[in-house]
Amino acid sequence: MRAARLRSPGRRTLAGLLLAGLLLPACAPPRSGSLGPAPTAVPPPAATPTPTGPAVATPRPTPAPTTAGPTRLGTPPAAAPTSAATITVELWFVRDGRLAPTRRTRPGTPATSRLALTELAVGPSGAEAATGMTTLLGGGAEPLGIADGVATVRLATTGGDPTTERLRRAQVVWTLTQFPTVRRVRFDPASADSDGPIGRADYADLLPPIVVTGPVVGQRVTSPLTVAGSADVYEATVSLRVLDAGGREIATTFTTASCGTGCRGDYRAVVAWRVPREQRGTVEVYEISADDGSRVNVVRVPVTLVPGR
């Protein structure tokens, strides 16, 4: 019986094949290089439900520009898109032949400089126009780009008398240089007095003795209120008061600018008041005359006074 089993060719062949199959993987030469640990199995993705409504086209992403050149005006790098819901820009209009600031709050956009120039061309609101503000930008201004802190701008309206032309360009310079990427402006066509970049200092003489940057016309304000700006006044003393809807003085104070007579300095003062209800009011900032003690160089800012909580 034992001899018959050993002589059975079918069983001996089958055993040899099984033995060879078990030994071959262990003895096979390795592939070149190290494969590392086996990858972890990734479960199949969950089935995406089939939409039942009408098909919606997926917008194709816009490719990034590849042409080298100056950064477009107001456009940040693609890696840092804006996420702000709104943005506030400062605009410099003209009042009584001098520059006068105000602000606009608009939906957020990466092209902040373009937005500012557009708003500057649109001009003041009704409430701002009632205080004497206007714009000389006419047809507007076309931003061409920024390079090394210099913004290049093409004016749609040029010419006229030199005073008007200078004020028009000053509006653009003082508005655009509020942004950290712009230090000076080059105009196309060039200005009559300079064909190079122009900064705020070139138009500093177009500021009134007292500038109020806050609050702005039409702003809703609560007590205490911070009033700020710049001034070139006698002994650097800046006075201010708050008037209610009836024109009655309900608060007054004074402060000193950071620079005295003959130079412009920044100032900031806090004033408090009480009103029984929400109403129109006025913030007046002025200088006391050294000759007769009257109020001179008065800047009036119409506001809405809101009672404190």
Side-chain angles (χ1 to χ4, degrees), residues 65 67-77 82 87-106 109-125 128-129 132-209 211-213 216 229-230 232 263-264 266:
T67 304
T71 304
R72 293 299 298 167
L73 197 64
T75 304
T82 181
I87 185 170
T88 299
V89 294
E90 188 175 76
L91 307 176
W92 288 81
F93 290 130
V94 175
R95 180 170 55 205
D96 298 328
R98 301 293 183 95
L99 295 171
T102 189
R103 291 194 297 269
R104 291 283 186 278
T105 298
R106 293 291 183 260
T109 173
T112 52
S113 297
R114 185 179 295 275
L115 170 66
L117 288 179
T118 299
E119 293 292 331
L120 199 61
V122 169
S125 66
E128 291 163 345
M133 288 187 184
T134 187
T135 184
L136 302 177
L137 214 55
E142 174 65 22
L144 302 180
I146 296 175
D148 300 325
V150 177
T152 301
V153 176
R154 177 176 293 134
L155 291 179
T157 304
T158 58
D161 66 274
T163 299
T164 299
E165 181 66 15
R166 191 162 182 263
L167 272 169
R168 180 184 296 122
R169 294 174 186 266
Q171 283 188 256
V172 174
V173 170
W174 274 78
T175 296
L176 287 187
T177 51
Q178 70 183 285
F179 303 112
T181 55
V182 181
R183 297 188 301 274
R184 293 175 297 168
V185 177
R186 177 184 285 109
F187 288 100
D188 178 18
S191 70
D193 52 355
S194 175
D195 58 357
I198 302 173
R200 286 192 170 193
D202 296 286
Y203 296 121
D205 61 301
L206 295 179
L207 296 175
V211 172
V212 180
T213 55
V216 296
S230 68
D232 180 0
C263 61
R264 180 167 296 273
D266 296 328

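- With hydrogens and angles ignored, the 3.5 Å screen pairs no side-chain donor or acceptor of Glu90 with any backbone N or O of Arg103.
- More than 12 heavy atoms of other residues, nucleotides or ligands lie within 6.0 Å of CZ in Arg104, so this atom counts as buried by the packing criterion.
- At distances below 3.5 Å, not a single donor-acceptor pair connects side-chain atoms of Gln171 with backbone N or O atoms of Arg168.
- Ile198 contributes atom CD1, which lies 6.5 Å from atom CZ of Arg169 (distance to the nearest 0.5 angstrom).
- Taken from OG1 in Thr102 to CZ in Phe93, the straight-line distance is 7.0 Å, to the nearest 0.5 Å.
- Asp96 CG: 12 or fewer foreign heavy atoms inside a 6.0 Å radius.
- Comment: Glu119 does not engage Arg114 in a salt bridge, judged by the lack of any side-chain N to carboxylate O separation of less than 4.0 angstrom.
- Note that OG1 of Thr118 is 6.5 Å distant from CG of Leu115, once rounded to the nearest 0.5 Å.
- For the side chain to side chain contact (heavy atoms under 4.5 Å, CB included) test with Leu136, the passing option among Thr163, Val94, Leu120, Val172 is Val94; the others fail.
- Here Ile146 contributes atom CD1 and Thr152 contributes atom OG1; the two are 9.0 Å apart, rounded to the nearest 0.5 Å.
- Side chain of Ser125 to backbone of Glu128: a donor-acceptor contact under 3.5 angstrom is found.
- Looking at heavy atoms from C-beta onward, Thr112 lies in side-chain contact with Phe179 at the 4.5 angstrom threshold.
- Atom CG of Leu91 sits about 9.0 Å away from atom OG1 of Thr135, to the nearest 0.5 Å.
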Could you pull out every donor-acceptor pair under 3.5 Å between side chains of residues 199-209 and any protein atom, sequence neighbours left out?
unit_1	atom_1	unit_2	atom_2	d
Arg200	NE	Thr177	OG1	2.7
Arg200	NH2	Trp174	O	2.8
Asp202	OD2	Gly199	N	2.8
Asp205	OD1	Arg166	NH2	2.9
Asp205	OD2	Arg166	NH1	3.0

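- Here Arg154 contributes atom CZ and Leu144 contributes atom CG; the two are 5.0 Å apart, rounded to the nearest 0.5 Å.
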